[in-house]
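Reminder, nothing fancy here: chain letters follow the sequence lines and each chain counts from 1. Please read all numbers here as calculations on a predicted model, not as lab measurements.
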Amino acid sequence: MANVKATIPKGTRDFNPQQMGQRNFIFDTLKKVFKKYGYQEIQTPAMESLDTLTGKYGDEGDQLMFKVLNNGDYLSKIDANLTTIKSQTLTSKITEKALRYDLTVPFARYVVMHQTEISLPFKRYQIQPVWRADRPQRGRYREFYQCDVDVVGSNSLLNEAEFIAIYDEALSNLGLRNFTIKINNRKILTGIAEILGKPEAIVSLTVALDKLDKIGFEGVQTELLSKGFTPANIQQLKPLILLTGTNTEKLESLKLILATSPTGLQGINEIYTVLNYLASFTLQHATIELDLSLARGLHYYTGCIFEVKTNQATMGSIGGGGRYDNLTGMFGLQGLTGVGISFGADRIYDVLEELNLFTTNSQQITQVLICVLGKDEETYSLSVLNQLRRKNIAAELYPFGTKIKKQMQYANDKHIAYAIIVGSQEMKTGKLTFKNMLTGQQQSLEIAEIEKQLKTT
RNA sequence: GCGGUCGUAGCUCAGUUGGUUAGAGCACUGGUUUGUGGUGCCGGGGGUCGUGGGUUCGAGCCCCAUCGUCCGCCCCA
């Protein structure tokens, strides 16, 4: 074997034991909340058929998808000239699988495939990695974990309200104390496009609006003008976009402006309904904010949309989601509505790390290390080891062959709280040397006494 | 796909206007009366200076290319 440089692909990461402890803290916290709200876990394959995924995320999404090269002699099946064929055409001939780009589309596929075995409304959660061939930078990776919670088969807006409650509870439990859940409704955006007399321009409108907090109203204005909107349109838009006040005040003003758009009014009503439901919930640390510039890129949303930002650190959104009325329609199952949210685990990790919110005790597992001074001592200690383990005490025996100094160092590096030292003296008397690695104190104790001490710590 | 930044030991970096055998801290390793860690003391190993060209008597340092990193833009978790 040639000597290969040890590296991993761009935008991917290894996780060491300490990091895994911290990551599992996030996953466990989320799972606990998901289950509490009645959601069950599923998993889907890392790769899906290319057909399942393409066209669901727009052209950009298709480009950012990692495609899996066919196995076998795939070139033999191509009759085109390799020097002139277009990459896209070639790709479709040598690729039929791709790594999943998100968890929502595979979930829709799952629902359609297993429709006979699930009972509606179906509430599931899913925590798995997704892959995007994006350019890595702060808070952006090529392999990252999404934690999705979705319900299909229920059009009640109570679901939307519960998702806000889930966001609040989960993020609060993780230790975040100041975050904003932005809410908007796709129908309101449609209504706005309608009263501008440009219902067909909804996409370019939303894309431009989405950038409001980045490029400001001026920037949005420039972008809209370049997309065919008139200065008169901009004048109409301005008061809408720059609406201020409480959520209710914003909704009241909107009601007047969108009076002639039934769709727009419906969107307003939906938000009202969600907020009314929410009045019966007690939120811990979330701020709910109606944000008309919230658009979200994904094409399949049709009703309420959400996005979560922390106000304690500079980071893109740490979660998002919304209502999609016809996602399963693409797979032939019509009339099934769904709504769901997603947590970006890796971004949440980065935020918790930055804010120092991880507790330190997440990694020490082994409670006691048995250090032996000889081969006979090793044999003798095996029964001690097994006895401790039977009592559910996490114990390790350092195999004989290394100096005791090295063994102690191992215990120290691994943050093991106690060491048991077994030499000829200990074997003779049956009293083992029990050492507290933190204080350095040692006692001579029989196994039963050691067990008792370990049990109480 | 576009713009900027950086690339010297396992890690974090120093390296003076280009000038001999490229340095530090940490980590690793050996010793310090061989039954004891975390704190002391002494010693040791380890670098084709990202890679490939070029300029020069001479390049870690200058020029070009290439790969990679990190940070912005687009888009997104």
Report summary line: Ranking B/C74, B/U69, B/G37 by distance to the side chain of A/K10, first place goes to B/U69

Report task. Please state whether the phosphate of B/U29, meaning OP1 or OP2, lies under 4.0 angstrom from any side-chain nitrogen or oxygen of A/K406. Result -> yes

Requested in this report: Hunt down the Watson-Crick or G-U wobble partner of B/U17, both distances under 3.5 Å, from any strand shown, or write none.
Outcome: none

Report task. Please say whether the positively charged group of A/R323, taken as NZ for Lys or CZ for Arg, lies over the ring of A/Y301, i.e. under 6.0 angstrom from the six-membered ring centre and within 45 degrees of the axis. Result -> no

Query raised in the report: So does A/K414 pair up with A/E396, basic N to acidic O under 4.0 Å?
Result: yes

Query raised in the report: Which part of the nucleic acid does A/L373 contact within heavy-atom distance under 4.0 Å: base, sugar-phosphate only, or nothing?
Result: base

Query raised in the report: Between atom CZ in A/F144 and atom C1' in B/C76, what is the gap in whole Å?
Result: 7 Å

Query raised in the report: Out of B/G1, B/G37, B/A77, which nucleotide sits closest to the side chain of A/R347?
Result: B/A77

Query raised in the report: Just checking A/Y145: base, sugar-phosphate only, or nothing, at a heavy-atom cut-off of under 4.0 Å?
Result: nothing

Report task. Look at A/Q137 and B/C70 and indicate whether a side-chain polar atom (N or O) is within less than 4.0 Å of OP1 or OP2. Result -> no

Query raised in the report: If you check the A/D134 side chain, which of B/G72, B/C75, B/G37 turns out closest?
Result: B/C75

Query raised in the report: Roughly how far apart, to the nearest Å, are B/G52 and B/A59 at atom C1'?
Result: 15 Å

Query raised in the report: Any idea which heavy atoms bring A/K67 and A/D62 closest together, and the distance?
Result: NZ-O, 3.0 Å

Query raised in the report: Under the 3.5 Å rule, do the base of B/U36 and the side chain of A/Q442 count as making a donor-acceptor pair?
Result: yes

Query raised in the report: When you check the gap from the basic side-chain N to the acidic O, do A/E378 and A/K375 get nearer than 4.0 Å?
Result: yes

Query - Between C1' of B/A77 and CD1 of A/I348, the distance in whole Å - result: 9 Å

**Report entry** Among B/C71, B/G35, B/C75, the one nearest A/R140 by side-chain distance
**Finding:** B/C75

Query - Presence of A/K435 side-chain N/O under 4.0 Å of B/G38 phosphate oxygens OP1/OP2 - result: no

Requested in this report: Evaluate the side-chain hydrogen bond (donor to acceptor under 3.5 Å, both in side chains) criterion for residues A/S49 and A/D51: first the C-alpha distance (whole Å), next the side-chain angles of each, then the deciding distance (0.1 Å), finally the verdict.
Outcome: CA-CA 5 Å; A/S49 291; A/D51 297 338; over 6 Å; no

**Report entry** B/U5 versus B/C70 - spacing of their C1' atoms, nearest Å
**Finding:** 7 Å

Report task. In whole angstrom, give the distance that lies between atom CD1 of A/I421 and atom P of B/G37. Result -> 10 Å

Requested in this report: Describe the nucleic acid contact of A/G139 in one word from base, sugar-phosphate, nothing, applying a heavy-atom distance below 4.0 Å.
Outcome: base

Report task. Hey, which sits more toward the 5' end of RNA chain B by its nearest nucleotide, A/N436 or A/R132? Result -> A/N436

**Report entry** Spacing of the P atoms in B/U21 and B/G38 (rounded, Å)
**Finding:** 39 Å

Requested in this report: Answer with base, sugar-phosphate or nothing: what part of the nucleic acid does A/Q407 contact at a heavy-atom distance below 4.0 Å?
Outcome: nothing

**Report entry** Under-4.0 Å side-chain N/O to phosphate OP1/OP2 contact, A/K403 with B/G35
**Finding:** no

**Report entry** Pairwise P distance for B/C28 and B/A65, with rounding to whole Å
**Finding:** 43 Å

Provide a list of protein-nucleic acid N or O atom pairs under 3.5 angstrom, restricted to nucleotides 25-27 of chain B.
none

Requested in this report: For B/G10 and B/C49, measure between their P atoms and round to the nearest Å.
Outcome: 13 Å

Query raised in the report: If we call it a pair only when both distances are under 3.5 Å in a Watson-Crick or G-U wobble match, what pairs with B/G43?
Result: B/U29

Query raised in the report: Using a cut-off of 4.0 Å on non-hydrogen atoms, how would the nucleic acid contact of A/G319 be classed: base, sugar-phosphate, or nothing?
Result: sugar-phosphate

Query - Positive for side chain to side chain contact (heavy atoms under 4.5 Å, CB included) with A/Y110, one of A/T328, A/V105, A/L103, A/I42 - result: A/I42

Query - Closest contact, heavy atoms only, A/L336 versus A/G153 - result: CD1-CA, 3.7 Å

Report summary line: Out of B/G35, B/A77, B/U36, minimum distance to the side chain of A/E426 belongs to B/G35

**Report entry** Whole-Å gap separating C1' (B/C67) and CD1 (A/I8)
**Finding:** 17 Å

Query raised in the report: If we take the C1' atom in both B/A27 and B/C64, what is their distance in whole Å?
Result: 38 Å

Query raised in the report: Roughly, in whole Å, what's the span from CD in A/E396 to P in B/G37?
Result: 19 Å

Query raised in the report: Which part of the nucleic acid, if any, lies within contact of A/S317, taking any heavy atom under 4.0 Å across all strands shown: a base, the sugar-phosphate backbone alone, or nothing?
Result: sugar-phosphate

Query raised in the report: Checking A/R124 against A/F107: charged group under 6.0 Å from the ring centre and within 45 degrees of the axis?
Result: yes

Requested in this report: Give one of base, sugar-phosphate or nothing for A/L64, where a contact means two heavy atoms less than 4.0 Å apart.
Outcome: nothing

**Report entry** Pair A/Y324-A/D150, side-chain hydrogen bond (donor to acceptor under 3.5 Å, both in side chains): steps then yes or no
**Finding:** CA-CA 10 Å; A/Y324 39 89; A/D150 289 80; 2.6 Å; yes

Requested in this report: Please determine if A/E48 and A/R100 form a salt bridge, counting it only when a charged side-chain N lies under 4.0 Å from a carboxylate O.
Outcome: no

Query raised in the report: How long is the line joining CZ of A/R135 and P of B/C70, in whole Å?
Result: 11 Å

Requested in this report: Mind calculating the distance between CG (A/N412) and P (B/U36) to the nearest angstrom?
Outcome: 15 Å

Report task. Have a look at A/G440 and say if it touches a base, only the backbone sugar-phosphate, or nothing, with a 4.0 Å heavy-atom cut-off. Result -> base

Query - Distance in angstrom units between A/E143 CD and B/A77 C1', rounded - result: 14 Å

